[in-house]
Amino acid sequence: MRIRQFLNIYMSKINKLCLLLLLPVIMAGCSSITNLTPTQYPRSASGFYRVEAMWKSSRSVIRPDSFKPLVVIGLQTYPMRPVALVEDRWEAFIPVPANEGYIHYHYKFDFADDSFGKPKADSLMSGTYQLSVK
């Protein structure tokens with residue numbers, strides 16, 4: 001009987017601890033970046049290629065004036081701009097040198113959120129993508 005009581009108390013404490021650990025995740029919301037760029041483009045005379053990403057977030061604390069989406073290629077960053085007439089979509093034109101057949105890139109979205117009333121810098125990065133040019 002004592003073992004059963006001990007187990008009930010122990011399980012109750014574990015359940016409370018799990019809920020306490022999950023609370024920040026639940027309150028923070030979720031954000032994601034989706035790559036909308038084709039994996040291959042025909043070679044362009046200009047050497048620039050359009051990349052596009054979709055940003056989704058349920059975080060209501062993000063400060064809209066602080067939002068800075070970027071495309072990152074090596075150590076270079078290229079600012080993104082909103083896609084006309086479409087919400088939560090961002091685009092940029094990135095260079096691919098004429099002597100290269102592909103390039104690796106990823107997205108980085110910098111922003112500030114009002115955590116507990118004070119602005120706090122935050123960011124979200126995507127995985128790495130490859131753009132082939134033929």
Side-chain angles (χ1 to χ4, degrees):
M1 189 66 176
R2 291 187 145 235
I3 293 175
R4 178 170 271 171
Q5 287 175 333
F6 173 76
L7 286 176
N8 284 340
I9 292 170
Y10 182 72
M11 291 305 290
S12 174
K13 289 185 181 195
I14 287 178
N15 287 340
K16 288 178 185 176
L17 179 63
C18 287
L19 182 60
L20 184 63
L21 292 174
L22 285 175
L23 191 58
V25 173
I26 293 168
M27 290 183 69
C30 296
S31 300
S32 66
I33 300 170
T34 304
N35 184 28
L36 301 173
T37 306
T39 57
Q40 184 175 332
Y41 275 120
R43 177 117 357 235
S44 163
S46 72
F48 285 88
Y49 301 88
R50 182 176 180 268
V51 294
E52 182 179 354
M54 179 172 56
W55 161 268
K56 283 289 185 190
S57 182
S58 61
R59 295 172 69 172
S60 61
V61 295
I62 294 175
R63 300 179 75 170
D65 60 327
S66 70
F67 206 64
K68 304 243 182 311
L70 303 165
V71 180
V72 181
I73 302 172
L75 299 175
Q76 294 284 352
T77 60
Y78 301 90
M80 299 181 80
R81 64 178 185 214
V83 173
L85 305 175
V86 184
E87 190 175 318
D88 296 328
R89 297 234 181 135
W90 300 84
E91 69 180 356
F93 288 86
I94 59 172
V96 177
N99 62 341
E100 293 187 29
Y102 65 90
I103 198 159
H104 290 101
Y105 66 97
H106 68 271
Y107 301 106
K108 183 179 182 208
F109 285 70
D110 292 330
F111 53 90
D113 63 30
D114 286 325
S115 282
F116 302 105
K118 295 190 302 186
K120 182 185 100 185
D122 202 352
S123 67
L124 181 66
M125 284 197 307
S126 72
T128 301
Y129 304 102
Q130 178 176 301
L131 176 62
S132 296
V133 178
K134 304 220 181 221

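If you're wondering where the values come from, they're calculated on a predicted model, not measured in any experiment.
Cluster annotation: V72 is not connected to V96 through the hydrophobic network of ILVMFWY side chains, with a link wherever side-chain heavy atoms come within less than 4.5 Å. Neither L131 nor M54 shares a network with the other; the hydrophobic side chains, linked directly or stepwise wherever heavy atoms of I, L, V, M, F, W or Y lie under 4.5 Å apart, form separate groups for each. Cluster annotation: Y41 is connected to V51 through the hydrophobic network of ILVMFWY side chains, with a link wherever side-chain heavy atoms come within less than 4.5 Å.
Looking at heavy atoms from C-beta onward, W55 lies in side-chain contact with L124 at the 4.5 angstrom threshold. Residues P119 and D113 have side chains not in contact (no heavy-atom distance under 4.5 Å, counting atoms from C-beta outward). Contact annotation: the side chain of K108 never approaches that of T77 to less than 4.5 Å [non-hydrogen atoms, C-beta and beyond].
Each of Y129, Y78, F93 was compared with Y105 under the ring-ring contact (aromatic ring centres under 6.0 Å, His included) criterion, and only Y129 meets it. For the side chain to side chain contact (heavy atoms under 4.5 Å, CB included) test with Y49, the passing option among P42, P38, S44 is S44; the others fail.
Taking all atoms of both residues into account, the shortest heavy-atom contact from F109 to P69 is CE2-CB, 3.3 Å. The two atoms that bring H106 and T128 nearest to each other are CB-CA, 4.1 Å, heavy atoms only. The heavy-atom pair separating A92 from V71 by the smallest distance is CB-CG2, 3.9 Å. Between P79 and L70, the closest heavy-atom pair is CA-CD2, 3.9 Å. Of all heavy-atom pairs between R50 and T37, the closest is O-CG2, 3.7 Å. Annotation for I33 and M125: closest pair CD1-C, 4.1 Å, computed over non-hydrogen atoms.
With respect to the salt-bridge test (charged N to carboxylate O, under 4.0 angstrom), the residues E91 and R89 do not qualify.
Around CD of E100, the count of heavy atoms belonging to other residues, nucleotides or ligands within 6.0 Å exceeds 12.
Between W90 and Y107, the ring center distance fails the sub-6.0 Å criterion.
Atoms CD1 and CD1, on I103 and I94 in that order, are 5.5 Å from each other to the nearest 0.5 Å. Between K120 atom NZ and D114 atom CG the span is 11.0 Å, to the nearest 0.5 Å.
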